[in-house]
Amino acid sequence: MQAGKSVLLIIGGGVAAYKALLLIRLLKSAGIGVRTVLTKAGGQFVTPLSVGALSGEKVFTDLFDLTDEAEMGHIQLSRAADLVVVVPATADLMAKMAAGLADDLATTLLLATDKDVLIAPAMNVRMWDHAATQANLATLRVRGVSVVGPDEGDMACGEYGPGRMAEPEAIFTAIQAKLGGGPRDLAGRRIVVTSGPTHEPIDPVRYIANRSSGKQGQAVASALAARGAEVVLISGPVRLDPPPGVETRKVETAREMMAATLAALPADAVVCAAAVADYRVADAADQKLKKADGAGRSLTLVENPDILATVSALPQGERPPLVVGFAAETQDVIAYASAKRERKGCDWIVANDVSQGVFGGDENRVTVIDAGGSEDWPRMGKDAVAERLAGRIAKAMA
Ligand code: C5P
């Protein structure tokens, strides 16, 4: 469906520029035309030769290249494609976009274009967190620029945090969504997704929580919505922006998550990706607990309701036809996850091996277990896992 569409790909100057090469391949194999612009800094990381070889087209680099101007003016170049994509969008490029500077070919095109723009930011975590970058980001968002990533993870500079560019598969999915031609095989379906951690209060200022980032659940919600599903995301407290095109209901505790999930039914499917706290404090204090000098303190914990098991056990007619759970395991993944599927009564379990640094990271390696057996998926970005899971859900519901 997207074959015949075209993208103007601006490659900025960052280590992540190599991922632009993989993106070009993905776009080309989907039949999407790619015309590329390499910034001067981008040219320090990838060569016009490799970009040109992959895109199969001339690579544009210089605003004052008279041949290019004779063949195609920069105004025309900025408008010939269906979508302008900036990969990687460096802090500098974002700042220039926000300020409306036009001092080279890439920035001139970005100022001159009348097409939608999608950026994939990539930079050092401190540069990303800097108030200037965040203000530029907000400005760009208000102007309608779409943003994919950045992810949180290890960075080339040796630091850890948000700033790592989204994986090519995720950028590809975002491009497909912008071009509007992805499969809409979940149109008319209503799907509830739980995501993120829960916070279980100890007193008004303290709580018990876990390290879930909510990334995988939000990616699933986005991927389902991109396929046309009406998605209700029940999210525990996370640091992520709510995904566009999804109705997000924020909750804090497991019991609130349970109530919100049941209230969101009926649905055609429920995906429980939340890392729900198994226990809560039996009698959370109304007032802040004071330090008792020298004395220890113990908390009595009581079990939380199991949302996945509860939804799976709903009577026929109320139970969504497809209930999917997640299972984080550190050993004997398939055996434990299969047993969990049986015990909780859900249809599929997406099992991830969290012994491999999955929590909070951007990649996941999962095994999907259903009544028919298990399916091992290779290690990939959480967005790619979400996209593949959404495809599997669409197929199961067809
Ligand atoms: O038992 P465990 O926490 O490993 O099970 C994981 C699966 O069960 C996930 O899908 C999670 O969202 C779901 N779950 C739930 N309510 C709970 C505990 C887990 O929905 N209280």
Side-chain angles (χ1 to χ4, degrees), residues 191-201 207-221 223-224 231-238 248-265 267 269-282 301-314 318-320 322-356 358-360 364-370 374 377 382 385-386 389-390 392-393:
I191 305 183
V192 178
V193 180
T194 72
S195 178
T198 61
H199 284 183
E200 307 297 334
Y207 56 84
I208 299 176
N210 62 64
R211 293 186 192 279
S212 168
S213 64
K215 278 185 194 166
Q216 186 62 80
Q218 289 214 4
V220 169
L224 294 168
V231 179
V232 182
L233 173 69
I234 317 285
S235 175
V238 292
T248 303
R249 299 181 187 168
K250 292 186 177 174
V251 295
E252 295 264 333
T253 66
R255 287 191 293 178
E256 287 170 12
M257 188 174 274
M258 171 73 107
T261 304
L262 294 177
L265 300 181
V270 172
V271 181
C272 289
V276 185
D278 290 325
Y279 297 95
R280 67 176 180 279
V281 178
L301 301 179
V302 290
E303 212 170 324
N304 266 330
D306 191 310
I307 302 163
L308 179 62
T310 305
V311 170
S312 299
L314 286 171
E318 283 179 45
R319 184 194 192 276
L322 180 65
V323 182
V324 181
F326 274 69
E329 307 287 352
T330 51
Q331 53 174 334
D332 288 340
V333 176
I334 296 183
Y336 278 109
S338 303
K340 193 165 284 178
R341 193 185 81 83
E342 302 261 324
R343 198 170 63 245
K344 300 217 180 197
C346 60
D347 302 299
W348 304 352
I349 280 273
V350 182
N352 42 357
D353 186 347
V354 290
S355 63
Q356 300 177 18
V358 161
F359 254 52
N364 216 344
R365 203 193 151 289
V366 307
T367 304
V368 180
I369 296 161
D370 61 16
S374 69
W377 292 0
K382 287 183 176 174
V385 169
L389 184 64
R392 200 181 200 269
I393 290 172

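Numbering of ligands and ligand atoms starts at 1, following listing order.
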How long is the gap from CG on Leu224 to CG on Leu389, to the nearest 0.5 Å?
-> 7.0 Å
Check whether any side-chain heavy atom of Val220 lies under 4.5 Å from a side-chain heavy atom of Val231, and answer yes or no.
-> no
Evaluate the side-chain proximity of Thr198 to Val251: yes if any heavy-atom separation is below 4.5 Å, no if none is.
-> no
Taking all non-hydrogen atoms of both residues into account, name the closest pair between Ala275 and Ser212 and its distance.
-> CB-CB, 3.6 Å
Tell me which protein heavy atom sits closest to atom 16 (N) of ligand 1, plus the residue, atom name and distance to 0.1 Å.
-> Ile307 N, 3.0 Å
Just how far is it from atom CZ of Arg341 to atom CG of Asp347, taken to the nearest 0.5 Å?
-> 7.5 Å
Assess Met258 for proximity to ligand 1: is some non-hydrogen atom of it under 4.0 Å away?
-> no
Residue part near ligand 1, for Leu308, under 4.0 Å between non-hydrogen atoms | both
Out of Cys272, Cys346, Ala351, Ala309, whose heavy atom is nearest to atom 10 (O) of ligand 1?
-> Cys272
Side chain, backbone, both or neither: which part of Pro305 comes within less than 4.0 Å of ligand 1 when only heavy atoms are counted?
-> backbone
Which residue and heavy atom of the protein sit nearest atom 9 (C) of ligand 1, plus the separation = Phe326 O, 2.9 Å
To the nearest 0.1 Å, how far is atom 3 (O) of ligand 1 from its closest protein heavy atom, and which atom is that?
-> Asp278 OD1, 4.1 Å
Does ligand 1 have an atom under 4.0 Å from some heavy atom of Asp306?
-> yes
Over all atoms of both residues, closest heavy-atom pair of Leu308 and Val324 | CD1-O, 3.9 Å
For atom CZ of Arg319, decide whether the heavy atoms of other residues, nucleotides or ligands shown that lie under 6.0 angstrom number more than 12.
-> yes
Of Gly325, Ala274, Ala254, the residue with the heavy atom nearest atom 11 (C) of ligand 1 is Ala274
What is the nearest protein non-hydrogen atom to atom 19 (C) of ligand 1, stated with its residue, atom name and distance?
-> Lys344 NZ, 3.5 Å
Run down the list Val276, Val323, Val311 and name the one with the heavy atom closest to atom 18 (C) of ligand 1.
-> Val276
For atom 2 (P) of ligand 1, which protein heavy atom lies nearest, and how many Å away is it?
-> Lys340 NZ, 3.4 Å
Ring-face cation contact, Trp377 with Arg392, 6.0 Å cut, 45° max = no
